[in-house]
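What follows is one structure encoded as structure tokens, with my remarks underneath.
Letters go in sequence order (proteins before strands), and every chain restarts at 1. Basis for what follows: all heavy atoms, side chains included, without hydrogens, waters or symmetry-related copies.
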2 protein chains.
Amino acid sequence: MLRISKMTDYAVVLATHLAATKEPHAARDLALETQIPEPTTSKVLKQLSRAGVVASQRGAKGGYTLARPAHEIGIEEVIQAIEGPIAVTECSDESTDSLCEYEPNCGVRANWQRINHAVHQALSQITLADMAFPFVDTLITIARSGKEAERARLGESPQGDAH
Amino acid sequence: MLRISKMTDYAVVLATHLAATKEPHAARDLALETQIPEPTTSKVLKQLSRAGVVASQRGAKGGYTLARPAHEIGIEEVIQAIEGPIAVTECSDESTDSLCEYEPNCGVRANWQRINHAVHQALSQITLADMAFPFVDTLITIARSGKEAERARLGESPQGDAH
DNA sequence: TGAATACAGGACTGAACCAGTCCTATATGT
DNA sequence: ACATATAGGACTGGTTCAGTCCTGTATTCA
Ligand code: SF4
Ligand code: SF4
């Protein structure tokens with residue numbers, strides 16, 4: 001399904017919630033506001049804290065705030081904090097040199113890596129500030145380059161010698 | 001990690017392999033060419049067949065061919081054949097009215113659905129003919145619309161009353 | 001100081017999903 | 001008939017995920 005995990009979803013919801021104010025929010029309060037169970041909320045926020053997405057303050061009057069302004073935090077960063085690096089395929093993990101056993105003779109590897117990069121870029125550019133308002137549709141569109149003609153030509157004869 | 005399953009990866013590799021010729025390929029032959037184990041290859045191809053991505057011919061001299069020309073089959077279709085509808089979040093499944101329990105008071109739902117739609121579009125436009133050659137980078141780019149200024153302004157004051 | 005608050009870290013569990021194999025049935029060509 | 005090759009589905013071990021809970025530490029304030 002190409003889906004982010006539930007925990008990651010919670011993370012985006014919570015982080016977006018934090019974007020609303022600069023006051024520290026206790027995990028318990030955020031749980032009440034979002035309806036997400038408190039232990040789970042706490043777990044997610046701890047992970048976000050370790051990843052540097054949110055800052056934490058212990059003790060009474062403590063809580064969580066965003067580590068930086070909302071418009072400087074891309075949701076890719078939030079996703080990565082919970083799930084690790086974005087990698088659409090096993091071979092497109094840019095952090096580790098993860099080796100797929102089929103890699104030596106795999107013809108689609110290079111293209112998957114480019115697709116992965118595009119997704120990564122798109123999610124990096126959408127910030128928590130964007131998520132707080134319904135304007136994302138004006139920000140993200142997938143555009144084909146002017147090489148459409150070339151592609152169509154190649155597409156007509158995929159078995160041709162196109163080296 | 002926002003990853004497609006291994007089976008889906010195999011499906012794209014196999015389908016791209018089929019794009020090279022119009023002759024029927026037996027599952028066994030494809031398995032040898034791609035190094036993917038034969039039972040797994042067979043399973044994946046059967047799923048692709050049921051989804052209408054590939055056509056099958058039983059009996060001696062039989063095998064699999066693409067159901068349509070390679071440049072008419074988007075990889076989104078291949079992914080969907082194995083994993084079901086693309087849905088980045090639970091609420092962004094366009095096929096079913098899947099209801100998330102947090103949906104009523106979730107502020108990021110609309111934006112996730114737009115992101116999901118963009119990803120869906122991008123993967124639909126990349127065809128098997130594209131995957132057979134390293135030209136995808138010329139085809140997919142993420143573009144921001146001209147509303148960047150508006151966004152930046154909003155991003156500066158996410159806590160402001162922007163209703 | 002001591003109590004209350006709130007985060008940090010990690011262990012733990014049941015459930016769901018995934019990867020891969022195998023068996024039986026059916027269709028096709030020689 | 002017989003060999004070939006797909007169709008469908010059952011089945012299993014392993015892994016990952018969602019969620020909870022416990023112990024420890026830092027901070028505030030009376
Ligand atoms: S190398 Fe090929 S088979 Fe291996 S993960 Fe990448 S795309 Fe998939
Ligand atoms: S409604 Fe909100 S919480 Fe539910 S799946 Fe969609 S984004 Fe996630």
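Among the nucleotides C:dG9, C:dC7, D:dT6, the one closest to the side chain of A:R50 is C:dG9.
Between A:Y102 and B:T34 there is no side-chain heavy-atom pair separated by less than 4.5 Å. Side chains of B:I75 and B:T127 form no contact here, defined as non-hydrogen atoms less than 4.5 Å apart. The closest side-chain heavy-atom distance from B:E83 to B:S5 is below 4.5 Å. Contact annotation: the side chain of B:I115 approaches that of A:L123 to within less than 4.5 Å [non-hydrogen atoms, C-beta and beyond]. Using a 4.5 Å heavy-atom cutoff, the side chains of A:H25 and A:T65 are not in contact. Considering only heavy atoms from C-beta on, A:H71 stays 4.5 Å or farther from A:L128 through its side chain.
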- Note on the structure: B/S/- along nucleotides 22-30 of chain D (protein heavy atoms under 4.0 Å) is --BBBBSS-
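Among the atoms of the strands shown, none is found under 4.0 Å from any heavy atom of B:S42. No contact: A:R28 has no heavy atom under 4.0 Å from any strand.
Taking atom CZ of B:R3 as the reference point, atom P of D:dT16 lies 10 Å away to the nearest angstrom. The CG-P distance, from A:L48 to C:dC7, rounds to 13 Å in whole Å. Between the CG atom of B:L18 and the P atom of D:dT6 there is a distance of 11 Å, given to the nearest Å. Spacing between atom CD of A:E90 and atom P of D:dT16 amounts to 11 Å, rounded to whole angstrom units. Taking atom CD1 on A:I82 and atom C1' on D:dT16, their separation rounds to 15 Å, with Å as the unit. Atom CG of B:L32 is separated from atom P of D:dA5 by 12 Å (rounded to the nearest Å). At whole-Å resolution of the value, CG in B:L45 and P in D:dA5 are 14 Å apart. Nucleotide D:dG9 holds its C1' atom 11 Å from the CD atom of B:Q47, rounded to whole Å.
Linking Ile, Leu, Val, Met, Phe, Trp and Tyr residues whenever their side-chain heavy atoms come within less than 4.5 Å places B:M7 and B:V54 in a single cluster. Cluster annotation: B:V12 is not connected to B:M1 through the hydrophobic network of ILVMFWY side chains, with a link wherever side-chain heavy atoms come within less than 4.5 Å.
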Report, one pair per line, the protein and nucleotides 16-20 of chain C atoms (nitrogen or oxygen only) whose separation is under 3.5 Å.
unit_1: C:dA19; atom_1: OP1; unit_2: B:K6; atom_2: N; d: 2.7
unit_1: C:dG20; atom_1: OP2; unit_2: B:Y10; atom_2: OH; d: 3.0
unit_1: C:dG20; atom_1: N7; unit_2: B:K43; atom_2: NZ; d: 3.2
unit_1: C:dG20; atom_1: O6; unit_2: B:K43; atom_2: NZ; d: 2.9

Anything under 3.5 Å between a protein N or O and an N or O of nucleotides 13-15 of chain C, put it in a table, one pair a line.
none

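With hydrogens and angles left out, the side-chain atoms of A:Q113 and A:S92 include no donor and acceptor closer than 3.5 Å.
Between B:E90 and A:R3, no side-chain nitrogen of the basic residue sits less than 4.0 Å from a carboxylate oxygen of the acidic one, so the salt-bridge criterion is not met. A salt bridge does not link A:K43 to A:E38: none of the charged nitrogens lies less than 4.0 Å from a carboxylate oxygen.
Around atom CZ of A:R28, no more than 12 heavy atoms belonging to other residues, nucleotides or ligands sit under 6.0 Å away.
Close to C:dA8, at under 4.0 Å from its OP1 or OP2, lies a side-chain N or O of A:S56.
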